[in-house]
Amino acid sequence: MARRLLPVELDFVDSAPLRLVFAREVSASPDAVYRALAEDVAGWPEWFSAVTLARPLDGGARREVRLKGGTRFLETIVAAEPAEVYAYRVDETNVPGIRAMVEEWRIEGVPGGGSRVRWTFAVDAGAGVRVGMRLGRGGLGRAFRGAVGALDRRLAAAPA
C-alpha cells in the first residue's frame, strides 16, 4: 500500500531530523554527472545497482523509482540546476514509518578536472526507522560509492 509523505521542499535537506551525507570524487565533469542524474533518469539502473527501474514522469517533473526488494517511490523534482544540484522529494512510498524524505545530489568541479559528488539523504521518520537508517549508514555509503564509481566508469566509456 502506498503511503503519502509530507510535501517538504529543498530546505528540508538542512533541517531534517536525520541527515546522511556521502561524498566521492570522480573524473567525470559536473556537466556529465548532472546529465546522467537529471536527464538520463531511465539509465539509473545501468549504474546504481539497487535501482531496478527509474523513469521520468510529467515531462521530467516527477519520477517513478523501484529498488531491489520491492521498494517503490513516486518523487517530485525540487531542484534541477545544471552541473550543480539535482534533488527530489518522495511523495509516495511503500516503506512504512517515513513521514518525509528528500535526496539531494550536489556536484562541484574539482581542481584539475572531475567532480565531487555529494549525496544527502534527508528523512523524517519514526524513532525505529531512524535507528535502522543510522545502523544502515554503512550499507548506504557502500551503495553510494559503488554507484558513483560505476557512473564514473560509464561516463568515461561513453562516446564524446
Take M133 and F121 through the side chain to side chain contact (heavy atoms under 4.5 Å, CB included) test and state the conclusion after the steps.
CA-CA 10 Å; M133 293 181 99; F121 195 82; 2.7 Å; yes
Assess the residue pair L151 and V117 against the criterion (side chain to side chain contact (heavy atoms under 4.5 Å, CB included)); give the C-alpha distance rounded to whole Å, side-chain angles, the decisive distance to 0.1 Å, and a yes or no.
CA-CA 11 Å; L151 175 61; V117 180; over 6 Å; no
Which residues pass the side-chain contact (heavy atoms from CB on, under 4.5 Å) test with V131, not counting sequence neighbours?
L135
R63 to Y88 six-membered ring, cation-pi geometry met (6.0 Å, 45°)
yes
For the pair Y86 and W44, name the ring-plane relationship: parallel under 30°, tilted 30 to 60°, perpendicular over 60°.
tilted
Can you tell me how far the CD1 atom of I98 sits from the CG atom of L6, to the nearest 0.5 Å?
11.5 Å
Quick one: does any side-chain atom of T93 pair with a main-chain N or O of R72 as donor and acceptor, under 3.5 Å?
yes
By salt bridge (Lys or Arg N to Asp or Glu O under 4.0 Å), R35 pairs with (sequence neighbours left out) none
N-O pairing of R116 and E25 below 4.0 Å
no
Charged N-O contact under 4.0 Å between E108 and R106
no
For the side chain of R154 and the backbone of A150, is there at least one donor-acceptor N/O pair under 3.5 Å apart?
no
If you define the side chain from C-beta out and look only at heavy atoms, does anything of E104 sit under 4.5 Å from L10?
yes
Close side-chain approach of L37 to I107, heavy-atom, < 4.5 Å:
yes
Proximity of W119 and F22 rings by center, below 6.0 Å
yes
Using modelled atom types only, decide if a donor and an acceptor are shared between the side chain of S115 and the backbone of V26 within a distance under 3.5 Å.
no
Answer yes or no: is there a side-chain heavy-atom contact under 4.5 Å between W105 and V148?
yes
Check: R24 and D152 side chains under 4.5 Å, non-hydrogen atoms
no
Keeping T52 on the side-chain end and R66 on the backbone end, is there a donor-acceptor pair under 3.5 Å?
yes
Is there a side-chain contact between V51 and L67 in this structure, where contact means two heavy atoms from C-beta onward sitting under 4.5 Å apart?
yes
Excluding sequence neighbours, so at least two apart, what forms side-chain contact (heavy atoms from CB on, under 4.5 Å) with S49?
K68
Where do E75 and M101 land on the side chain to side chain contact (heavy atoms under 4.5 Å, CB included) test, with the steps shown first?
CA-CA 10 Å; E75 304 165 339; M101 184 168 138; 5.9 Å; no
Check for a donor-acceptor pair, side chain of R89 on one end and backbone N or O of T76 on the other, with a separation under 3.5 Å.
no
Answer yes or no: is there a side-chain heavy-atom contact under 4.5 Å between V95 and V90?
no
Without swapping roles, check the side chain of R19 against the backbone of V13 for a donor-acceptor pair under 3.5 Å.
yes
Any non-hydrogen side-chain atom of P96 less than 4.5 Å from a side-chain atom of R3?
yes
Taking D124 for the side chain and P17 for the main chain, is one N or O donor matched with an acceptor at less than 3.5 Å?
no
